[in-house]
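First comes the structure, then the notes that go with it.
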Amino acid sequence: MRKKRLAALLAALLLALALPACSAAEEPPAIRIGVAVYLQEDTFISTITQHLQQMAMEEEQARGVKINLSIADSRGNQSVQNEQVDRFLDRGCDVICVNIVDRTAAAVLVDKAQAAGVPIIFFNREPVEEDLNRWERAYYVGSKADRAGKLQGELVLNAWRFSQEELDRNGDGVLQYVMLEGEPGHQDALMRTEYSVRTLVSAGVPVEKLANNNADWQRGQAKMRMQQWLDQLEKPIEVIFANNDDMALGAIDALVEEGIPPEEMPFIVGVDATPPALAAMAEGSLKGTVQNDAKGQAERMLELCCKLAFGEELPPEKITDGHYVWLWYTAVTKENLTALLGELS
Ligand code: GAL
Ligand code: CA
């Protein structure tokens with residue numbers, strides 16, 4: 001009898017000892033990722049965050065881990081963003097991703113991350129090189145800014161070569177254009193503006209800039225700029241370069257309001273390949289765009305986050321100069337439009 005009771009007691013004791021160990025083993029490993037974006041309502045940025053959320057769920061399943069992803073909207077304010085990063089660090093994030101508001105202000109964030117020993121990944125808004133070089137665990141994921149400009153320039157160059165009479169509306173042999181620019185100082189705004197035109201000039205196309213202005217990537221602002229130009233400019237606009245699709249769509253909004261049908265609109269090109277831009281291409285108002293790979297950027301970021309958080313080795317061939325993960329842009333023309341529209345639906 002006593003022996004039996006002792007055995008039962010021993011069994012209960014063993015069970016009690018085993019239980020916490022057992023439930024701890026069942027908990028999947030968890031990581032925390034904090035993401036701060038300059039402006040959540042930006043069309044391209046919101047596409048990246050949607051992909052990130054979706055892919056984090058898929059990665060949880062694939063790896064059998066828990067990924068806590070927090071996204072903060074910095075609403076265009078660098079001090080708000082700095083506080084958001086502080087909060088992420090206080091809450092024990094394993095990796096921080098920053099779509100920095102002011103790309104010249106990265107040093108402070110790199111230093112904060114380094115002090116906390118938490119890797120930091122910047123994306124889409126490229127910090128200056130010296131800031132990224134402050135710490136070996138600071139990274140940038142993005143696309144080469146000049147390439148989108150070159151591709152835009154090539155889209156227009158091809159049209160000029162193949163149907164100059166259509167493009168050169170006033171028949172003076174010169175291409176009259178306007179430029180809708182993104183935020184001042186943004187690497188993509190500066191480089192797309194420069195390289196789009198440079199591509200035409202180096203190919204020997206005579207160009208004349210009728211007007212340019214910033215519209216901060218936004219459709220509403222671009223529409224206003226375009227309305228002003230339609231009122232003020234004397235020469236006909238033959239090409240509209242927009243640093244992104246939302247601004248190209250803003251220009252189209254202004255033209256539609258003037259009662260101009262798609263076939264009479266200037267040759268308009270954007271960048272990003274957002275769903276509404278592809279729809280505008282199908283309709284014929286937008287003539288071309290350049291795909292900014294939101295999905296690829298989200299994929300690379302998440303891959304980097306997981307590797308850093310789980311202490312896995314980073315593939316050196318994917319990281320240039322120890323800090324950069326580059327993605328490619330692709331031109332969107334009538335030829336590959338159908339395939340892209342298919343991918344989206
Ligand atoms: C660009 C993109 C724009 C805007 C901007 C924000 O790469 O083409 O549409 O999202 O980033 O930083
Ligand atoms: Ca002309």
Side-chain angles (χ1 to χ4, degrees), residues 36-51 73-76 78 81 97-103 122-127 140-149 151-152 156 159-160 163-178 180-193 196 200 205-210 214-219 221-222 233-250 266-267 269-277 289-294 296-298 326-330 332:
V37 297
Y38 94 103
L39 187 69
Q40 179 62 41
E41 68 186 29
D42 177 293
T43 311
F44 178 68
I45 298 302
S46 67
T47 320
I48 295 192
T49 56
Q50 278 162 24
H51 281 302
D73 181 359
S74 312
R75 298 185 306 277
Q78 190 58 59
Q81 187 165 64
C97 299
V98 183
N99 178 224
I100 197 160
V101 175
D102 172 359
R103 52 186 287 260
F122 294 92
F123 65 102
N124 166 267
R125 301 165 74 90
E126 189 182 338
Y140 176 68
V141 176
S143 307
K144 289 263 185 192
D146 56 345
R147 168 126 176 122
L151 291 173
Q152 264 191 327
V156 177
W160 181 261
S163 48
Q164 186 175 332
E165 33 339 303
E166 254 177 64
L167 228 62
D168 187 12
R169 293 171 174 228
N170 62 355
D172 65 351
V174 179
L175 204 141
Q176 276 80 22
Y177 73 92
V178 294
L180 283 164
E181 297 170 18
E183 295 158 275
H186 191 302
Q187 84 282 347
D188 288 337
L190 299 168
M191 303 295 257
R192 290 174 191 172
T193 299
S196 51
L200 290 171
V205 179
V207 297
E208 181 186 3
K209 180 170 77 186
L210 297 181
N214 289 97
D216 294 350
W217 309 117
Q218 293 175 22
R219 187 166 178 159
Q221 285 195 37
L233 297 176
E234 280 162 20
K235 289 191 183 169
I237 301 170
E238 294 169 346
V239 167
I240 301 177
F241 282 110
N243 284 171
N244 78 341
D245 284 343
D246 269 5
M247 295 191 295
L249 294 170
F267 194 92
V269 285
V271 177
D272 282 341
T274 60
T289 185
V290 176
Q291 188 188 20
N292 199 358
D293 191 359
Q297 292 189 18
W326 292 118
L327 284 114
W328 282 93
Y329 285 108
T330 351
V332 184

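Numbering of ligands and ligand atoms starts at 1, following listing order.
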Are the side chain of Asp246 and the backbone of Gln218 linked by a donor-acceptor contact shorter than 3.5 Å?
-> no

With no hydrogens and no angle check, is any side-chain donor or acceptor of Glu181 less than 3.5 Å from a backbone partner on Ala189?
-> no

For Asn292, the ligand 1 atoms with a heavy-atom partner under 4.0 Å come out as 2 (C), 7 (O), 8 (O)

closest protein heavy atom to atom 9 (O) of ligand 1 is Asp272 OD2, 2.6 Å

Neighbour count >12 (heavy atoms, 6.0 Å) for atom CD, Gln40 | yes

Here the vertex angle at the Ca ion (ligand 2) for OD1 of Asp172 and OD1 of Asn170, given to 10°, is 70°

Do side-chain atoms of Glu126 reach the backbone of Asp188 as a donor and acceptor pair under 3.5 angstrom?
-> no

Short N or O distance, Asn124 and ligand 1, threshold 3.5 Å exclusive | yes

Using a 4.5 Å cut-off on heavy atoms from C-beta on, say whether the side chain of Arg125 contacts that of Glu183.
-> yes

Answer yes or no for Val271: is there a heavy-atom contact with ligand 1 below 4.0 Å?
-> no

Which protein non-hydrogen atom lies closest to atom 7 (O) of ligand 1, naming both residue and atom, and how far is it?
-> Asp188 OD2, 2.7 Å

Should Tyr38 be counted as touching ligand 1, given the test is an N or O pair under 3.5 Å?
-> no

Is there a heavy atom of Glu126 sitting under 4.0 angstrom from any atom of ligand 1?
-> no

For His186, atoms of ligand 1 separated by under 4.0 Å from a heavy atom = 5 (C), 6 (C), 11 (O), 12 (O)

Side chain of Asp146, backbone of Met191: donor and acceptor closer than 3.5 Å?
-> no

Under-4.0 Å heavy-atom contact with ligand 1, by part of Arg192 that carries it = side chain

Angle subtended at the Ca ion (ligand 2) by Val174 O and Asp168 OD1, to the nearest 10 degrees, is 100°

Looking only at atom types and distance, does a side-chain atom of Gln81 sit under 3.5 Å from a main-chain N or O of Asn99, one as donor and one as acceptor?
-> yes

What do the steps show when you test Ser143 against Asn292 for side-chain contact (heavy atoms from CB on, under 4.5 Å), and what is the final call?
-> CA-CA 8 Å; Ser143 307; Asn292 199 358; 3.6 Å; yes

May I ask you to check if ligand 1 and Trp217 share an N or O to N or O distance below 3.5 Å?
-> no

Which protein heavy atom lies closest to atom 10 (O) of ligand 1, and at what distance to 0.1 Å?
-> Asp42 OD1, 2.7 Å

Rounded to 10°, the OE1/Gln176 to the Ca ion (ligand 2) to OE2/Glu238 angle comes out at 90°

For Trp328, does the CH2 atom sit with more than 12 other heavy atoms under 6.0 Å from it, leaving out its own atoms?
-> no

Atoms of ligand 1 less than 4.0 Å from Phe44 heavy atoms?
-> 2 (C), 9 (O), 10 (O)

Measure from the side-chain N and O atoms of Gln297 to the backbone N and O of Phe123, and report whether any donor-acceptor pair falls under 3.5 Å.
-> no

